[in-house]
Peer 1: 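I have a structure here, written as structure tokens, and I will follow up with some questions on it.
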Number of protein chains: 2
Amino acid sequence: MTDKKEKILRAALELFAEEGFKSTSTNKIAKKAGVSEGLIFRHFGNKDGLLQAIIQEGEEQAKVLFADIVMESDPKKLIEKYFGLTDKLLDNPEMANFWKLQYKIKWELEIYGEHKMEPLELALTNAFKKLGYKKPDLEARLLLINMDGMATRYYLQEGFNVKEMVEYFRNKYKQ
Amino acid sequence: MTDKKEKILRAALELFAEEGFKSTSTNKIAKKAGVSEGLIFRHFGNKDGLLQAIIQEGEEQAKVLFADIVMESDPKKLIEKYFGLTDKLLDNPEMANFWKLQYKIKWELEIYGEHKMEPLELALTNAFKKLGYKKPDLEARLLLINMDGMATRYYLQEGFNVKEMVEYFRNKYKQ
DNA sequence: CCTAATTACGTGAGTACTTACTTACTATAA
DNA sequence: TTATAGTAAGTAAGTACTCACGTAATTAGG
């Protein structure tokens, strides 16, 4: 991975997350990265290849992020760790940018990409089963759906207090 | 409102909801509506004016939709009516299209437009207060956040079973 | 170890096509 | 007769992508 190739990736991630995939021109990406426009196509083939490269890189990040949660065997601790995700995401600006991009392109290209979340959903389902929930799969999905909603607010509603909301929701699973 | 003007509005709503605002060309709208491209600009000034017209029309629809819920004085019934929203939205395809557009442009243009939901949030807050909830405002917001999450899944995740999820969530507020 | 050949990296100026929007014009109705 | 509704054919400014051309790095052979 050359220096300029990485600069393209970083510039594209930022611009895609800010302005969307289709609305971001390759010209703009090249200017932000400080390279010639042609270099983008040399390295990634076409604009879509660039997007795929960004997505793939992010998926690997996500796996690392989820690993610690999924491995937890104590159900209560697992749920606690799940709620801890938010803080991790908020503290790392590059990670936050990547997740913003994820949601943006979800809506722009209308693909949900559930496989990314599947291990997390399964782990949560198992935890709720151990805790005696009658419908552990639905309870797990409810948590993830709530996460989607939180993300919508966090990224789009100015002044939305995530931490307060997460704290309130988390408390429902504490006792 | 002339016949052709309305055809433009309908075509634009559909295309914006399907492909997004920026990605839909005025040329395409004109072809779908069966009018000349220039007529769009005669009636709406520019592409943004067309979007505004669609949004405004939809906001009026939303007010009508929420009115029945907001007016309800019995807290339990109010919450029940809130959960009934889903069925109403799913049964009316034009309404479904409008809400899809709402979420799409939220992410595309990064504006949340909370004022539209405010009366609903206030009404729910009041209902939870009457029912003795310690933090009725947060509980109300939780419901709306959940709705955002459900919408994300419903519109983007193929094969997502909304009714089952809504039913499960609704049951938490029944007793 | 030096040189020659090959590959990978990088650019600037082009390509054909699409974009939102304009203009000059006609038909229709009040 | 005057405003309104409607059109066809433009326009300049993008758009993703290509191409001919260099230069730097890597490898191969004597």
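We name chains A, B, ... by the order of the sequence lines, and we start the count at 1 in each one.
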Peer 1: Quick one: ring pair (Phe, Tyr, Trp, His ring centres under 6.0 Å) pairs with a partner in residues 67-90 of chain B, sequence neighbours left out?
Peer 2: B/F83-B/F169, B/F83-B/Y173

Peer 1: Inspect the contact between B/E139 and A/K172 and indicate whether a charged nitrogen and a carboxylate oxygen are less than 4.0 angstrom apart.
Peer 2: yes

Peer 1: Could you go through B/E167 and B/R170, starting from their C-alpha distance and side-chain angles, then the distance that decides it, and tell me whether this counts as salt bridge (Lys or Arg N to Asp or Glu O under 4.0 Å)?
Peer 2: CA-CA 5 Å; B/E167 205 46 42; B/R170 169 193 246 154; 3.1 Å; yes

Peer 1: First and last nucleotide of DNA chain C touching chain B, 5' to 3', heavy-atom cut-off 4.0 Å?
Peer 2: C/dT19 to C/dT22

Peer 1: Between A/E72 and A/K81, does any NZ, NE, NH1 or NH2 come within less than 4.0 Å of an OD or OE carboxylate oxygen?
Peer 2: yes

Peer 1: Walk along nucleotides 14-23 of chain D from 5' to 3' and tag each nucleotide B, S or - by protein heavy-atom contact under 4.0 Å, base first, then sugar-phosphate.
Peer 2: -SBBB-----

Peer 1: With salt bridge (Lys or Arg N to Asp or Glu O under 4.0 Å) as the rule and sequence neighbours excluded, what pairs involving residues 36-46 of chain A come up?
Peer 2: none

Peer 1: Please list every donor-acceptor pair under 3.5 Å in which a side-chain atom of residues 118-134 of chain A meets a protein atom from a residue at least two apart or in another chain.
Peer 2:
from, atom 1, to, atom 2, distance (Å)
A/E121, OE2, A/R141, NE, 3.0
A/T125, OG1, A/E121, O, 2.7
A/K130, NZ, A/S73, O, 2.9

Peer 1: Which heavy atom in B/W99 sits nearest to a heavy atom in B/L65, and how many Å separate them?
Peer 2: NE1-CD2, 4.3 Å

Peer 1: Return the angle between end axes of the helix from C/dC1-D/dG30 to C/dA30-D/dT1, with five pairs used per end and rounding to 10°.
Peer 2: 10°

Peer 1: Look only at the side chain of B/K47 and the backbone of B/T24, and say whether a donor-acceptor pair between them is shorter than 3.5 Å.
Peer 2: yes

Peer 1: Categorize B/K4 for me: base, sugar-phosphate, or nothing, with a 4.0 angstrom heavy-atom threshold over every strand shown.
Peer 2: sugar-phosphate

Peer 1: Please evaluate residues B/E6 and B/R10 with respect to the criterion salt bridge (Lys or Arg N to Asp or Glu O under 4.0 Å), reporting the C-alpha separation (whole Å), side-chain torsions for both, the decisive distance (0.1 Å), and the verdict.
Peer 2: CA-CA 6 Å; B/E6 223 181 283; B/R10 253 193 264 286; 2.6 Å; yes

Peer 1: Between B/E19 and B/K28, does at least one N-O distance fall below 4.0 Å, as a salt bridge requires?
Peer 2: yes

